[in-house]
Amino acid sequence: MSLTDKFGRSIHDLRISITDRCNYKCVYCRTGTNGAAFAELPFDDYLRMARILVSLGITKIRLTGGEPLLRKGIVQFVRDLAQLRTEEGLKPEIAVTTNGHLLAEIAQPLKDAGLDRVTVSMDAVDPEKFARITRVPHGYENVLAGVRAARQAGLDPVKINCVLLRGFNEDQVTAFGKFAREENVVVRFIEFMPLEEDRVWTPEIVVPLDEILARMSEYLPLQEIPHQRSETARRYRFSDGIGEIGIIAPVSHPFCGHCSRIRITSDGKLRTCLFSVWDHDLHELMRRGATDDKLVEFILQVVGKKEERHHIGEPGFVPASRTMVHIGG
Ligand code: SAM
């Protein structure tokens with residue numbers, strides 16, 4: 001069984017936001033104010049959704065948020081997800097995207113429960129700059145310990161996500177190159193997208209792929225690594241063979257034509273695109289007692305509505321109906 005949208009794209013990659021709470025208030029994501037109502041479902045509800053989606057052809061599940069490691073019970077949830085099987089009998093790949101603040105303690109239990117991969121978000125390798133971005137003091141040491149614990153637990157290759165903002169952390173490019181080589185992690189730079197709560201995005205703040213490459217090449221020459229069509233990152237190896245970086249460039253080099261993703265928000269809504277202007281209430285159907293067959297029918301209809309592409313930077317761009325922290329990055 002496979003999920004295919006009306007543009008012929010195979011949908012095999014599911015992201016589940018398991019909370020929209022976060023212990024960081026990154027300047028490009030959150031407003032920095034508290035008081036928003038938080039939404040999360042019991043794990044059994046996400047599990048039922050995941051089970052049905054895996055039966056429909058999902059082969060990769062990424063847990064995100066908010067900050068997923070804030071959810072008590074995440075280890076058992078990963079263990080339950082690891083029991084799911086595709087029609088062909090394959091275990092879906094299970095990954096987590098986290099800010100890493102709580103990772104050091106839980107990396108090994110997550111690995112033992114069946115986690116395959118972890119991506120840690122870090123927007124600076126300088127502790128002071130890191131604190132200014134996350135608006136949390138002393139987070140850097142925890143995150144570094146988390147990255148090292150993940151490697152120790154065998155969650156290789158550990159990937160690091162870094163969002164560059166002009167005038168804020170663009171000077172971190174070569175420092176991250178060094179970090180990738182020294183810590184043996186894959187650092188992936190992500191172009192800033194208009195999904196922040198503060199609505200401060202402008203094209204000028206985005207540090208685009210070409211500029212990141214130029215800055216990194218001044219540090220050390222790079223060679224591009226061939227990548228699979230559905231991979232979002234362009235991959236590069238340093239020419240001496242030590243260290244890899246990636247660049248995810250949804251703004252300057254969109255990859256919507258190869259998008260293989262569908263998302264479940266923390267309140268149980270299906271989203272077909274980060275930039276969707278509406279979402280589809282799968283959880284409400286479940287709450288009303290829908291059978292699995294009904295849910296399958298609904299999911300197939302929703303996938304049929306997947307948008308062809310985003311319109312970032314175009315005249316008349318309509319912002320997404322929800323921001324990143326509520327959708328799940
Ligand atoms: N709290 C977890 C974390 O920090 O990784 C998971 C959620 S976070 C929303 C997921 C990823 O989205 C992070 O790597 C973050 O840097 C990225 N992100 C958030 N807002 C973004 C934006 N406006 N543009 C690009 N990436 C963004």
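Note that the coordinates shown come from a computational prediction; the quantities given were computed from them, not determined experimentally. Counting starts at 1 for both ligands and their atoms, in listed order.
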V325 near ligand 1 by a heavy-atom separation under 4.0 Å: no
Axial cation check for F77 ring with R71, 6.0 Å and 45° limits: no
Distance from atom 12 (O) of ligand 1 to nearest protein heavy atom, with residue and atom: M324 CE, 3.8 Å
T97, portion touching ligand 1 at heavy-atom distance under 4.0 Å: both
Shortest protein heavy-atom distance from atom 8 (S) of ligand 1, along with the residue and atom involved: G65 O, 4.3 Å
Carboxylate-amine/guanidinium proximity below 4.0 Å for E244 and R235: yes
Ligand 1-proximal atoms of V120, by part, heavy-atom distance under 4.0 Å: neither
Short side-chain donor-acceptor distance under 3.5 Å, D293 and T291: no
Closest protein heavy atom to atom 26 (N) of ligand 1, given as residue, atom name and distance to 0.1 Å: V163 CG2, 3.5 Å
Sub-4.0 Å atoms of ligand 1 with respect to non-hydrogen atoms of T98: 2 (C), 3 (C), 4 (O), 5 (O)
Ion pair D292/R51, N-O distance below 4.0 Å: yes
Electrostatic pair E183:R148 at N-O distance under 4.0 angstrom: yes
NZ/NE/NH1/NH2 to OD/OE distance under 4.0 Å, D279 and R263: no
Under 3.5 Å side-chain donor-acceptor pair for E231 and H258: no
Ligand 1-proximal atoms of N99, by part, heavy-atom distance under 4.0 Å: both
Polar contact flag for E67 and ligand 1 (N/O pairs, less than 3.5 Å): yes
D123 and Y28 side chains, donor-acceptor separation under 3.5 Å: yes
Closest to atom 6 (C) of ligand 1 among G66, S121, P250 (heavy-atom distance): G66
Test of proximity, M193 against ligand 1: N or O pairs below 3.5 Å: yes
Heavy-atom nearest neighbour in the protein, as seen from atom 10 (C) of ligand 1, with distance rounded to 0.1 Å: G329 CA, 3.7 Å
Residue and atom name of the nearest protein heavy atom (relative to atom 15 (C) of ligand 1), distance in Å to one decimal: Y28 OH, 3.6 Å
